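Below is one structure; the comments refer to it alone.
Since the model is a prediction, treat every value here as computed from it, not as a measurement.
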Amino acid sequence: MGEWEALAGAVVLLLVLLAWVRAQTWSKNSTSAWDAPFQEQGESVEACSPEIVSQIFSAADAEFISGLESPGLENLFRRERTAVALHWVQETSAFISKIMRRHLEASRMSADLEIGVEARILLQYIWLKLNCGLLFVLIGLLGLQRLAGTAWYAERFTQRIGEGLAEFKLAAHLGEPDGAGAL
């Protein structure tokens, strides 16, 4: 590997780590409407709806605003839409962390853990958190429409992990001898 590739890799890694730390700090300091399902219903794990992601990263609104030919309105729209997108990334990152915490709680009570499955879950968690970190950094640099595919990927993957957690909890609950799971 050449010097330039190593330097570029180090810069990208640094940006990802900085974004991850910033997202983690932001997630810990904010309260979320998504806290409610965890507190009120215990078992319910819901992510942001795909329609919201579709709207945030849609080019249609930006094209409409651009057609009005008002630079002030365009700047305001970009700032506000970027703020909403960053908030979505922050909420998604926090939601992923909550899913992982719930999984760890459930795993501690399971008698038959499989190392391969747990390693795969950990790698998926790390991959999603890295995607959130990258989105957080790149939204301001590249714009929302260029990142729509990455956002959709993160959203779908988060949904699947949330569904998997629900199935894991159900399986752990059914697998207990007395059927009275504490999950």
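Side-chain contact between Leu76 and Arg79 is present, with at least one heavy-atom pair separated by less than 4.5 Å. Using a 4.5 Å cut-off on side-chain heavy atoms (C-beta onward), Tyr125 and Ser97 make contact. For the pair Gln55 and Val84, the minimum side-chain heavy-atom distance is 4.5 Å or more. Put simply, the side chain of Thr82 reaches to within 4.5 Å of the side chain of Ile139, judged on heavy atoms. Side-chain contact between Trp88 and Glu155 is present, with at least one heavy-atom pair separated by less than 4.5 Å. With a 4.5 Å cut-off on side-chain heavy atoms, Ser66 and Phe77 do not count as touching. For the pair Lys129/Met100, no side-chain contact is recorded, criterion being any heavy-atom separation below 4.5 Å from C-beta on.
The side-chain hydrogen bond (donor to acceptor under 3.5 Å, both in side chains) search around Glu63 returns none, not counting sequence neighbours.
Nearest heavy-atom pair, Cys132 versus Val89, reported as atom, atom and distance to 0.1 Å: O-CG1, 3.3 Å.
Summarising the geometry, atom OG1 belonging to Thr158 is positioned 3.5 Å from atom CD1 belonging to Ile96; distances are rounded to the nearest 0.5 Å. For the atom pair CD1 (Ile52) and CD (Glu91), the distance works out to 10.0 Å, reported to the nearest 0.5 Å. Taken to the nearest 0.5 Å, the CG atom of Leu128 stands 11.5 Å off from the CG atom of Leu123. Distance CG/Asp61 to CD/Gln145: 9.0 Å, rounded to 0.5 Å. A distance of 5.0 Å separates CH2 of Trp152 from OG of Ser54, quoted to the nearest 0.5 Å. Note that CG of Leu73 is 11.0 Å distant from CD of Glu80, once rounded to the nearest 0.5 Å.
A 6.0 Å sphere centred on CZ of Arg146 holds no more than 12 heavy atoms belonging to other residues, nucleotides or ligands.
Hydrophobic clustering, with ILVMFWY side chains joined whenever heavy atoms are under 4.5 angstrom apart, groups Leu135 together with Leu141. In this structure, Ile65 is not a member of the same hydrophobic cluster as Phe57, with clusters built from ILVMFWY side-chain heavy atoms closer than 4.5 Å.
Aromatic pair Trp127/Phe157: centroids not less than 6.0 angstrom apart.
The side chain to side chain contact (heavy atoms under 4.5 Å, CB included) test with Ser107 singles out one residue from Val117, Ile121, Leu113, and that residue is Leu113.
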CA sep, side-chain torsions, deciding dist, call: His103, Glu118, side chain to side chain contact (heavy atoms under 4.5 Å, CB included): CA-CA 10 Å; His103 174 74; Glu118 295 303 314; 2.7 Å; yes

